[in-house]
Student: 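I'd like to ask you about the structure that follows.
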Number of protein chains: 2
Amino acid sequence: MKRDSRLSSVLHALLHMAEHDGPMTSETLAECMNTNPVVVRRTMGLLREAGIVASARGHAGGWTITADLGTVTLRQLHEVLGEPAIFAIGNRNETPDCLVEQSVNAALDAAFTEAEALLLDRFADVTLADLAADFARRHAERRARKGVGNAK
Amino acid sequence: MKRDSRLSSVLHALLHMAEHDGPMTSETLAECMNTNPVVVRRTMGLLREAGIVASARGHAGGWTITADLGTVTLRQLHEVLGEPAIFAIGNRNETPDCLVEQSVNAALDAAFTEAEALLLDRFADVTLADLAADFARRHAERRARKGVGNAK
DNA sequence: CGACTCGTAATAATTAAAGTTACATGAAAC
DNA sequence: GTTTCATGTAACTTTAATTATTACGAGTCG
């Protein structure tokens with residue numbers, strides 16, 4: 001399969017929303033993420049169910065962040081997206097009769113479980129506010145490099 | 001994408017070969033792994049290039065382990081298989097111009113890098129000999145449960 | 001020589017994500 | 001109230017990746 005980049009996508013979208021006053025439409029978000037408005041709605045719909053964003057229809061409608069940026073972690077977003085499979089490699093058969101394969105699975109599973117726990121812990125450490133702060137830092141750096149006034 | 005289960009497959013094959021006297025044909029291995037002989041040849045061919053197994057054609061041909069079981073780690077096998085992508089989730093765009101996306105990527109990459117390092121460390125800790133020992137333990141356990149004589 | 005087995009190229013099937021089209025629903029503007 | 005804008009969703013297509021299959025070439029043992 002393709003790699004699942006929805007977590008990356010929603011983070012991108014959320015940060016743009018955080019930097020933007022007022023609601024952003026699916027179309028605007030889709031443009032800035034180089035994708036399709038329907039994909040945006042599908043994904044953002046999950047965040048809405050979790051109370052992280054709100055949507056409004058009609059004129060001046062669109063998507064708005066409702067949660068506090070400091071309380072939303074990458075881990076929570078991963079969960080909201082349905083906890084998609086993290087690993088692209090895995091066991092051929094999850095419940096084998098073959099004892100040999102059971103040994104193999106046990107060894108691989110142990111390693112995968114540890115790595116997954118570490119990844120989720122790291123995800124739990126990072127909030128949207130952290131990312132926004134990192135973005136602000138990068139933005140200031142770029143302005144400094146280019147000279148104030150040419151900042152874009 | 002589908003999940004890559006070649007590491008699981010080759011481990012399964014190697015352990016069966018370790019338990020078996022003489023060479024095993026691609027067809028036999030394919031049967032016990034529920035796959036296709038050509039797939040077996042393709043994958044085992046990589047191990048042959050790495051000096052882990054040898055193949056012989058013709059009558060009484062097939063595959064044999066040439067390496068010492070205690071020296072072959074899961075990590076080495078992962079490398080021999082071409083270091084396939086470990087994660088099924090990832091960034092939408094690896095080299096974005098957008099500063100927002102750069103922040104997102106940096107945060108995700110940091111977490112993925114750590115988790116990958118941990119996984120590879122764990123893989124480096126496990127040898128084929130360890131798996132063979134684990135299999136022997138499971139085998140003895142089952143024989144004990146079923147009673148000697150009914151062991152299968 | 002003939003059966004057996006690997007070696008390999010080319011192609012199809014499978015699977016899951018992402019994209020697209022189409023249309024319904026609801027809200028604000030006029 | 002009708003038009004316009006935007007979300008909500010279902011159905012379908014496209015894309016990217018692994019895995020499976022077919023077909024045939026080439027070496028090896030009996």
Side-chain angles (χ1 to χ4, degrees), chain A residues 1-10 12-13 17 20 22-31 33-49 53-64 66 78 81-94, chain B residues 1-10 12-13 17 20 22-49 53-66 78 81-94:
Chain A
M1 67 187 142
K2 280 177 177 174
R3 287 173 96 183
D4 184 337
S5 59
R6 285 178 305 159
L7 181 57
S8 171
S9 290
V10 295
H12 191 175
M17 287 162 66
H20 186 268
M24 292 182 75
T25 67
S26 304
E27 184 137 11
T28 307
L29 288 170
E31 266 169 36
M33 298 164 64
N34 239 47
T35 179
N36 191 290
V38 177
V39 174
V40 172
R41 283 182 209 129
R42 262 206 300 256
T43 319
M44 297 299 278
L46 296 171
L47 303 208
R48 183 186 48 222
E49 289 172 19
V53 300
S55 59
R57 303 204 236 200
H59 275 277
W63 301 90
T64 328
T66 53
H78 173 69
L81 292 177
E83 307 198 28
I86 288 177
F87 296 107
I89 56 187
N91 297 325
R92 153 173 300 267
N93 176 349
E94 288 301 340
Chain B
M1 65 190 138
K2 277 181 178 172
R3 292 174 96 183
D4 182 336
S5 58
R6 286 177 305 159
L7 181 57
S8 170
S9 290
V10 296
H12 191 175
M17 287 162 65
H20 185 267
M24 294 183 74
T25 67
S26 303
E27 182 137 12
T28 309
L29 287 170
E31 266 169 36
C32 93
M33 298 166 63
N34 239 47
T35 179
N36 190 291
V38 178
V39 175
V40 172
R41 284 184 209 128
R42 261 206 301 257
T43 318
M44 297 299 278
L46 297 171
L47 303 208
R48 183 187 46 223
E49 290 172 19
V53 300
S55 60
R57 304 203 234 202
H59 273 279
W63 300 91
T64 327
I65 300 186
T66 53
H78 172 69
L81 292 176
E83 308 198 28
I86 288 177
F87 296 106
I89 55 188
N91 297 326
R92 153 172 300 267
N93 176 350
E94 288 301 338

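Throughout, protein chains are lettered first and strands after them, A, B, ... in sequence-line order, and every chain is numbered starting at 1. Keep in mind that the numbers below use all heavy atoms, side chains included, and drop hydrogens, waters and symmetry copies.
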Student: Between protein and nucleotides 24-30 of chain D, map the contacts as a letter string: B base, S sugar-phosphate only, - none, heavy atoms under 4.0 Å, written 5' to 3'.
Tutor: -BBBBB-

Student: Check the distance between C/dA17's P and B/I89's CD1 and give it to me in whole angstrom.
Tutor: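 From B/I89 CD1 to C/dA17 P: 11 Å.
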
Student: For a quick check of understanding: with a heavy-atom distance under 4.0 Å over all strands, which category does A/G62 fall into, base, sugar-phosphate or nothing?
Tutor: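 Here A/G62 touches the backbone only, sparing every base.
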
Student: For A/E49, give me all partners under side-chain contact (heavy atoms from CB on, under 4.5 Å), at least two apart in sequence or on another chain.
Tutor: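 Applying side-chain contact (heavy atoms from CB on, under 4.5 Å) to A/E49 gives A/L46.
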
Student: Using five pairs at either end of the helix from C/dC1-D/dG30 to C/dC30-D/dG1, determine the angle between the two local helix axes and round it to 10 degrees.
Tutor: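 The end-segment axes of the helix from C/dC1-D/dG30 to C/dC30-D/dG1 are tilted 10° relative to each other.
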
Student: Name the nucleic acid region contacted by A/A85, choosing base, sugar-phosphate or nothing; use a 4.0 angstrom heavy-atom cut-off, strictly under.
Tutor: nothing

Student: At what distance, to the nearest 0.5 angstrom, does OG1 of B/T35 lie from CG of B/L29?
Tutor: 10.5 Å

Student: For A/R6, enumerate each residue passing the salt bridge (Lys or Arg N to Asp or Glu O under 4.0 Å) test, keeping only those at least two apart in sequence or located in another chain.
Tutor: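 Listed in chain order: A/D4.
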
Student: Can you list the residues that meet the side-chain contact (heavy atoms from CB on, under 4.5 Å) rule with A/N34, with sequence neighbours excluded?
Tutor: none

Student: In this structure, how many angstroms lie between the P atom of C/dT5 and the CH2 atom of B/W63, rounded?
Tutor: 14 Å

Student: Just to be sure I understand the geometry, which residues of residues 23-38 of chain B put a non-hydrogen atom under 4.0 Å away from DNA chain D?
Tutor: B/T35, B/N36, B/V38

Student: With hydrogens left out and only the distance checked, is there a donor-acceptor pair under 3.5 Å joining A/R42's side chain and the base of C/dA17?
Tutor: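 Per atom types, no contact qualifies.
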
